[in-house]
Structure formats: structure tokens, C-alpha cells
Amino acid sequence: MRSSLSIACGIAFAAVASAIPTISVKGSKFFTSDGNQYFVRGVAYQLVPDDPLVDNTQCQLDASLMKTLGANAIRVYHVDPEADHQDCMKTFADAGIYLFVDLDTFTTQIEQDTPAWNQTQFDAFAKVMDEFQQFDNTAGFFVGNEVLTTGNGSVAAPYVKAAARDMKAYRNSKNYRNIPVGYSAADISSLRPNLQNYLACGTNSSDALDFFSLNAYEWCGESSYQVSGYEQLTQNITDYNIPIFFSEVGCNTPKPRTFDDQAAIFGPEMSPYWSGVIIYEWIQETNDYGLVSYGPEVAATATQANVVDGFTRTGNPTPISPDFYNLSNQWKTLTPSSVSEAAYTPSNSAPACPAYTSGAWEVSGNVALPTIGQTYDAQAASGASSTSGATGTQTSSGSHSTGSATRSSSGTAATASHTGMASPSRQIAGMGVGLVTVMLGFIWWL
Ligand SMILES: *[C@@H]1O[C@H](CO)[C@@H](O)[C@H](O)[C@H]1NC(C)=O
Ligand SMILES: *[C@@H]1O[C@H](CO)[C@@H](O)[C@H](O)[C@H]1NC(C)=O
Ligand SMILES: *[C@@H]1O[C@H](CO)[C@@H](O)[C@H](O)[C@H]1NC(C)=O
Ligand SMILES: *[C@@H]1O[C@H](CO)[C@@H](O)[C@H](O)[C@H]1NC(C)=O
Ligand SMILES: CC(=O)N[C@H]1CO[C@H](CO)[C@@H](O)[C@@H]1O
């Protein structure tokens, strides 16, 4: 009795001593459980297509170098919820690194052209949440990545919002911690303000996102807060009621990357409104955004172990010079002014739900969100839009039989509003498959 009790106490003490504070949302900011404001300084991390959080030897090598870089977060696009993540998550926690993880995969993601939110998707998202909620360093969940890319694609927005509503309700029903649930948007200037307002709008916060984030490739080389477009991004969120941060950043032309935009993001113009940034991306691969490399490029057709698409994906990460050091130097010198949780009283209320505008925002205000199993019926919607103008008629058939599962090229042409560059995140998320879709996206854009 006595000895098992003391062992239990010893374990409890060790757990407390090594615990990383958890992250939650208050108003438009993130805070750690010890009351400090949290700004994301992250890197997109998807070494391997299925799940980069299962090989602890690799996680240790990478976490250690990320610490040197000054990172405090990773974003992982795809994980295997059945795998064991204990060791990697502890490794990252010990390095002070939090996880933002996408709940969807290529087979479960919400599609712009055939929007649906059904039980299969819910169950798959819930599995990822079940696995990762147990870790103190899980900072947030994404219910989608760049689902919407066009004005008429806005009809998919209620499905994204329904997914957030249901994952938040599921989280609460399981008595999980209030891990923030958000969405990662493509930077489409015509769509962005309406989308970010829509996903936060309404008087019932249970129906809204906990945070919004943006994949932006606007700031290229020597630019400025005004010229890059960051000023416009900020003008649209100064009254935003939930946290917003960059879930991908990193124009890679011209080279080398100097990451001058970090000074703006963490400086006085943006840090009162923004909660930081995730740099795209950790590993160097075909798309040429990497901060580190695991060895020279080999033939794309090479089939040896640990090589995918011509790049080795295990071993010692070697910083790519000067990009890695440039980022590290930026982060070292930047300290955003922050507020303690105790001293902060949120004052912004939810934005108004945007009005219906044909071709630009085709959702009529605060429409009823779809329930699980409702699918979008485009034909009925176009017939009904002049009168209802809402999300379109929803049929409640549980099966989603309309349209093929083929990804349309427009769904991948995530274009930065100033540069016209395609966002590469679909590529990292899918490796081989993604590369094809990104190329289709470029062709579509050209
Ligand atoms: C939006 O318009 C394009 C081009 O007309 C069409 O291909 C696409 O299916 C439409 N999307 C939706 C969700 O209606
Ligand atoms: C708020 O939304 C949640 C989730 O949709 C719902 O269960 C709840 O009844 C709503 N509360 C009010 C006051 O409408
Ligand atoms: C977004 O900001 C721009 C100025 O940068 C402004 O013209 C536009 O009206 C804003 N839109 C919304 C919905 O706030
Ligand atoms: C649910 O939606 C997904 C993704 O659109 C689709 O692949 C699947 O067939 C749907 N399942 C059901 C039961 O409707
Ligand atoms: C901001 C920063 O550190 N810039 C450096 C990036 O790397 C080049 C090449 O080494 C330097 O000239 C810059 O000063």
C-alpha cells in the first residue's frame, strides 16, 4: 500500500514538473494556462504523407533543431489516429512545441463543389480529436484547409461551420479540454473578409469557430506592411472577436527567404490583432519551401526506404542556409507586446453575418447550418436562390452520391491575392497525389 502510494505520488509529481501549460482562447487571443498570451511561431511539419508523429527518434532530431530555430508550434496536416503518438508528443512538449493538427484527410475533407458534412466525416474527425485531446501540447484542431477558393464556392461555408459546431459539441460532450477548433483559409482577397466574418458570426458562439487562420503568400522578398497586402489583411480584422493567425506563410521568390514579414507580424501594427504565424515548411522538397534538408535530392522515381518524391525524409535535419538562419534571427529579435489573461477583457463582439451577393458570397446571412447527413443540392439551390438565397436546398439523404470524388482543379488553385501564387499546402498534405493536384491548379490558373 504505502510503497504503491509513494510511487503514485512520485509519478504525479513528475507529471506536474514536466507539464507544458495548455492553450485556450479568450476573446481574440490565445493564452497559456499559466496566464500568458501565446503567439504561434510554428512550422508546417509533414515529413511523410501518413503521419510524421510516430517515429520518436525522428521527432527528437527535429524537435531539437526546431528549438534552436525558436519555434513553439508545428502544424501537421495528416495523422493516423490509430497510431501511438505518446512519444513524439512528449518529445515536442519537452521542447516547448505545440501541435495544430488537421482533423480531415483527402477522403474525409469537405469539398467546395459537392459540399457535405456526414456521419463518416464526423466519425473520422472525432477519432483524430480522441487521440490528440489527451496531449497537453495539442493547441488546436482545423476542420478544413482551403476548402473555399471561389465566390460561388461560398455555398460550402455552412458545411465548414457545421463541422466546427459539431466537433466543438463533441469535444464538450466528452469533457475534453477546450482545445480550440478552427479553419485554415486560402488567401483569396475577394472571398476572405466575408468568409472570416461568416465563420465567426452569429450570437451563438457554439456555432462559430474558436479561431480563424489564413494561408498567405503575399509578402515576397523586400516588401513592407503596406505594399505586401498585410495592411489590408489587418484592416479587415481589427474588430475580430476570435484569434486569427497565419496557418501558412512563406513566399519563396526571390531566394533566399529573409522572412522580413515576421517583423510586421510580431510588431506594433499587427501583433495587437494577430496571434502569430506558421512558416511553410520544415522539409525541403520539390516545391522548394524547406528550412531543412535530410540529404540531396534523388530521382523522383527512387524507391529506397525513407524517400518519397525524390527527397529523403528521415535522419539528421540540416539547416538550409541562409533561410533557416534568417528566420531564426528574425524570431530571436522579435518580442510582440502582449497582455496577461488576467489583465485582458475582450471587447469585440461577433461580426455581422455577410449578406448574399451573387457570385461573391452566396450564403444569406445567418442561415440555419446543415445537420449531419444533409448534402448540398446545387440544382435546387439555383432554382431557389432568387427567393431563399440561402445555402441552397439541403436534402437529408444520408448518402452522398452526387458528383465524383475527383478533385477539381479550381479547388487547388488557392491564389494569393497579390501574387497569384498557388498555395502549396495541398501538396505537402498529399505528397504524390497532391503534387498532381497542385500542378493542375497551376494550369488552371495560367
Ligand atoms: C462555381 O462556378 C463554377 C464555374 O461556373 C462551377 O464549375 C462550379 O461548379 C460552381 N461551384 C458551385 C459550388 O456551385
Ligand atoms: C447554440 O448552438 C448550439 C449548437 O448548435 C445549440 O445546441 C444551442 O441550443 C444553441 N443555443 C441557443 C441559445 O440557441
Ligand atoms: C476589408 O478591408 C478593405 C480595406 O483594406 C475594405 O475596403 C473592405 O470593405 C473590408 N471588407 C470587410 C468585409 O470588412
Ligand atoms: C460522406 O462524405 C464523404 C466526403 O464527401 C463521402 O466520401 C462519403 O461517401 C459520404 N458518406 C456518406 C455515408 O454519405
Ligand atoms: C534577416 C536576415 O538575417 N537576413 C540575412 C539572410 O541571409 C543573407 C545571406 O546570408 C544575409 O545577407 C541577410 O542579412
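One is the number of the first residue; the rest follow in order along the sequence. Reckoned from all heavy atoms, side chains included, excluding hydrogens, waters and symmetry mates.
Judged as a side-chain hydrogen bond (donor to acceptor under 3.5 Å, both in side chains), and not counting sequence neighbours, the contacts of Asp130 are Tyr170, Tyr176. Take Asp261 and apply the salt bridge (charged side-chain N to carboxylate O under 4.0 Å, His left out) test, not counting sequence neighbours, and it matches no residue. Checked against ring-ring contact (aromatic ring centres under 6.0 Å, His included), Tyr325 has no partners two or more places apart in sequence or in another chain. Trp361 pairs by the side-chain hydrogen bond (donor to acceptor under 3.5 Å, both in side chains) definition with nothing, not counting sequence neighbours. Under the side-chain contact (heavy atoms from CB on, under 4.5 Å) criterion, Lys29 pairs with Phe31, Gln37, Val339, Tyr344, sequence neighbours left out. Remark: Glu222 pairs with no residue by the side-chain hydrogen bond (donor to acceptor under 3.5 Å, both in side chains) rule, at least two apart or across chains. Applying the ring-ring contact (aromatic ring centres under 6.0 Å, His included) test to Tyr183 and every residue at least two apart in sequence or in another chain returns nothing. Shown here are the salt bridge (charged side-chain N to carboxylate O under 4.0 Å, His left out) partners of Asp84, two or more places apart in sequence or in another chain: there are none. The side-chain hydrogen bond (donor to acceptor under 3.5 Å, both in side chains) check on Thr108 picks up Thr105, with sequence neighbours excluded.
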Could you pull out every donor-acceptor pair under 3.5 Å between side chains of residues 235-245 and any protein atom, sequence neighbours left out?
{"residue": "Asn236", "atom": "OD1", "partner": "Arg192", "partner atom": "NH1", "Å": "3.1"}
{"residue": "Tyr240", "atom": "OH", "partner": "Gln196", "partner atom": "O", "Å": "2.5"}

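Counting only residues at least two apart or in different chains, salt bridge (charged side-chain N to carboxylate O under 4.0 Å, His left out) contacts with residues 55-71 are absent. Among residue pairs with one or both ends in residues 314-342, those qualifying as salt bridge (charged side-chain N to carboxylate O under 4.0 Å, His left out) are Lys255-Asp323; sequence neighbours excluded.
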